[in-house]
Amino acid sequence: MKDKDNSKFDVEIDVTGEADDDDDVDWLECISAIETPKGVLYFCDSAYFAQAAKSISKLEDSCIALESGNQGDQLVVDNPASCQDRRISKSIPSFISRFPHGVCLYSITGYNPLNIQQDSVENHFCNQSLLQDLRDAFPDSEILKNFSYFPRKPNHFERGFTIMVPIGHPTNQEATVYRLAMKYKQAAYFVCEIEETGEHRQKLVLLLGEKPEVVEESLVVLERLSYHPAYLHRDNNSVFHRFEDAMDILSKCAHFPETQELFHIAKHSVLRTESSTNSAMAERHPVIAIEGISEAGITKQSKQLSESLGAQRIQSPPTCIQHLRQTFDKQNDLVRAAFYSVGNYIVSAQMQEMAQKSPVIVDRYWNSTVAFTIVSEVGTGASNLPPKNHFVYEWPSDLPKPDTVVFIGSKREMRKKSKVKGQCEKGQQAKQMILETFRRMKMSDWIEVDRCKDKCWSSDAITAVTIDKLSALNLISLDQSSGDSLCPAAATLHPSKVHDVIHVEVDAVNGVGKDDIPFL
């Protein structure tokens with residue numbers, strides 16, 4: 001590790017999510033960001049960048065050197081004053097350059113400025129309402145997500161939106177933004193004009209006095225920071241680690257009839273299971289969770305595996321609350337994630353009862369909920385994902401774990417499919433992000449089935465490989481002479497471990513196996 005001098009500042013990245021919650025903040029230290037189709041654009045006030053660069057989490061350019069030590073990663077900022085020239089005028093983001101005459105960016109949030117952390121559900125609902133108002137008021141404009149936070153006080157985290165309006169628009173768009181800011185009782189909103197030359201003017205419009213007060217600002221563009229700031233603190237994201245926390249969020253939606261029904265089902269299932277004796281669970285059959293991205297054929301594979309093992313199958317969310325998905329899928333990220341988290345606890349209650357009689361195959365479980373929630377929140381770019389061993393990947397202490405997780409996926413197949421013409425680029429990026437999230441939360445006891453590495457080109461072959469790997473871990477028995485065999489179809493399903501010899505019909509024209517079409 002390099003020796004440090006007075007021109008360098010250290011910053012510890014906290015992966016525990018237990019940062020200082022002191023409410024005293026210096027608003028000059030605020031870092032803002034806009035989530036663009038090309039990634040997240042970070043920026044801050046130039047005075048703060050020059051005077052307090054030690055608060056910046058990460059800036060991957062010539063100003064940053066990343067050093068690893070025994071106590072974890074430390075970030076070192078070299079001579080931050082030398083970077084004061086990095087204005088928007090020096091580095092016009094590609095998503096802005098498509099406006100030939102320049103663009104005006106209006107940033108606003110629906111968060112209650114006096115109640116940022118105390119009622120996260122209220123803030124999310126206000127933002128959801130604000131987004132609809134923005135779409136109605138700016139039907140022809142692009143609306144991007146944004147957020148702001150304080151690196152040294154990560155519990156202060158706020159989400160909002162940025163409206164992109166071409167310079168020269170015939171109507172007074174700022175008047176509309178002002179009316180919305182007053183409607184949602186905001187303390188301020190931001191305006192940034194960027195001309196085609198790259199020259200820019202940034203202003204903060206304060207609304208605390210009798211009339212608006214304009215504060216001129218100068219910006220520094222930070223091309224990329226560390227992982228998404230929503231995961232710097234446990235309270236800023238939508239991943240739940242306790243049943244009570246998810247239920248508490250849903251209790252703020254008690255005016256929905258569907259919430260009352262969900263509460264009745266959850267409390268009946270979860271509390272009844274908690275009251276059962278642990279001794280009965282000591283001799284239960286194995287519970288195996290099947291995970292993967294949306295195109296991995298998880299439902300088909302879980303059905304085939306359960307039939308081959310003579311096991312019972314359950315999916316998450318369970319059948320008893322499937323009819324409620326339509327309501328909660330329309331809600332904001334926080335409420336939607338709470339619904340799926342409670343669904344996992346209902347599944348856990350049911351699978352424990354089912355495991356008393358036979359093995360259980362779970363079609364998606366907690367890992368899927370976490371992966372899809374994280375990707376939904378951080379947008380595009382793997383650099384936004386929380387790193388491996390981050391607190392967000394910790395298994396909830398009050399949620400029973402399966403005996404193992406079978407992860408079906410292939411990074412190589414994903415790369416191949418991303419090159420296929422006609423594929424939706426945005427959809428493929430999301431799938432790649434989900435796949436990477438799974439890999440970062442992967443535990444040592446996971447079983448991974450990779451189409452390429454394991455040479456399994458059909459669903460039958462995937463099931464065969466899965467059974468062999470489960471058998472290798474002594475989770476199932478392949479002894480056909482035993483009446484208690486968990487795999488009655490095993491003898492005909494996989495006579496050997498050479499799974500690439502399974503018969504595949506060949507297309508006479510193209511010479512491609514009909515089952516060779518990759519599902520990832």
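Residue numbers run from 1 in the order of the sequence given. These figures come from a predicted structure and were not determined experimentally.
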Can you pull the salt bridge (Lys or Arg N to Asp or Glu O under 4.0 Å) pairs that have at least one residue in residues 373-386, sequence neighbours excluded?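 Output for this query lists Arg159-Glu377.
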
If we ignore hydrogens and angles and just use 3.5 Å, is the side chain of [X] paired with the main-chain N or O of [Y] as donor and acceptor?
X      : Y      : result
Arg313 : Ser302 : no
Asn146 : Ala33  : no
Ser471 : Ile467 : no
Ser358 : Ala311 : no
Gln312 : Met354 : yes
His241 : Glu394 : yes
Asn127 : Gly110 : yes
Ser376 : Phe372 : no
Ser308 : Gln304 : yes
Gln350 : Pro318 : no

So with a 6.0 Å cut-off around NE2 of His264, is the heavy-atom count from everything else above 12?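 No, NE2 of His264 has 12 or fewer neighbouring heavy atoms, counting only those of other groups under 6.0 Å.
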
Under 6.0 Å from the NZ atom of Lys303, do we count more than 12 heavy atoms belonging to anything else shown?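 For Lys303, atom NZ is not crowded (no more than 12 foreign heavy atoms under 6.0 Å).
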
Please verify the inter-ring angle class for Phe256 with Phe125; under 30° counts as parallel, over 60° as perpendicular, anything in between as tilted. perpendicular

Apply side-chain contact (heavy atoms from CB on, under 4.5 Å) to the pair Asp454 and Lys469, showing each step before the final yes or no. CA-CA 11 Å; Asp454 293 310; Lys469 292 188 176 186; 3.1 Å; yes

Check the pair His323 / Glu258 against side chain to side chain donor-acceptor pair (under 3.5 Å), numbers first and verdict last. CA-CA 9 Å; His323 63 290; Glu258 293 83 356; over 6 Å; no

For Trp366 and Tyr345, run ring-ring contact (aromatic ring centres under 6.0 Å, His included): C-alpha distance rounded to whole Å, both residues' side-chain angles, the deciding distance at 0.1 Å, then the answer. CA-CA 9 Å; Trp366 185 78; Tyr345 285 91; 9.6 Å; no

Would the Tyr227 and His390 ring centres measure less than 6.0 Å apart? yes

Using a distance-only test with no angle check, is there a side-chain donor-acceptor pair under 3.5 angstrom linking His285 and Gln356? no

Heavy-atom distance under 4.5 Å between the side chains of [X] and [Y], does that happen here?
X      : Y      : result
Thr437 : Leu385 : yes
Tyr365 : Val287 : no
Arg325 : Phe339 : yes
Met441 : Val370 : yes
Thr466 : Ile447 : no
Ile288 : Pro402 : no
Ser32  : Tyr42  : no
Tyr340 : Phe240 : no

Specify the closest pair of heavy atoms between [X] and [Y], including all atoms of both residues, with the distance to one decimal.
X      : Y      : answer
Ala246 : Val342 : CB-CG2, 3.8 Å
Ser316 : Arg364 : CB-O, 3.2 Å
Val335 : Cys253 : CG2-SG, 3.7 Å
Gly310 : Pro359 : O-CD, 4.4 Å
Val465 : Cys456 : CG2-CB, 4.0 Å
Val270 : Ile346 : CG2-N, 4.2 Å

Straight-line distance of [X] [atom1] to [Y] [atom2], nearest 0.5 Å:
X      : Y      : atom1 : atom2 : answer
Cys320 : His268 : SG    : NE2   : 9.5 Å
Leu262 : Leu250 : CG    : CG    : 6.0 Å
Asn344 : Leu399 : CG    : CG    : 6.0 Å
Ser306 : Gln301 : OG    : CD    : 11.0 Å
Met433 : Leu435 : CE    : CG    : 11.5 Å
Gln128 : Lys330 : CD    : NZ    : 11.5 Å

Worked check of side-chain contact (heavy atoms from CB on, under 4.5 Å) between Asp235 and Ser120: CA-CA 9 Å; Asp235 294 336; Ser120 56; over 6 Å; no

Run the side-chain contact (heavy atoms from CB on, under 4.5 Å) test on Thr109 and Phe161 for me, step by step, so that the C-alpha distance in whole Å, both residues' side-chain angles and the decisive distance to 0.1 Å come before the verdict. CA-CA 6 Å; Thr109 179; Phe161 305 98; over 6 Å; no

Taking Val406 as the fixed residue, which of Ile462, Val362, Ile298, Ile290 is the one that meets the side-chain contact (heavy atoms from CB on, under 4.5 Å) rule? Ile290

Give a yes or no on whether a salt bridge exists between Asp403 and Arg284, defined as a side-chain N under 4.0 angstrom from a carboxylate O. yes

Out of Phe150, Phe147, Tyr231, which one pairs with Phe157 under the ring pair (Phe, Tyr, Trp, His ring centres under 6.0 Å) rule?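 By the ring pair (Phe, Tyr, Trp, His ring centres under 6.0 Å) criterion, Phe157 pairs with just one of Phe150, Phe147, Tyr231: Phe147.
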
For side-chain contact (heavy atoms from CB on, under 4.5 Å), just list the numbers for Ile408 and Glu291, CA-CA rounded to whole Å, side-chain angles, deciding distance to a tenth of an Å, and then say yes or no. CA-CA 6 Å; Ile408 302 175; Glu291 299 282 13; over 6 Å; no

If the condition is salt bridge (charged side-chain N to carboxylate O under 4.0 Å, His left out), which residues does Glu448 pass it with, not counting sequence neighbours? Arg439, Lys442

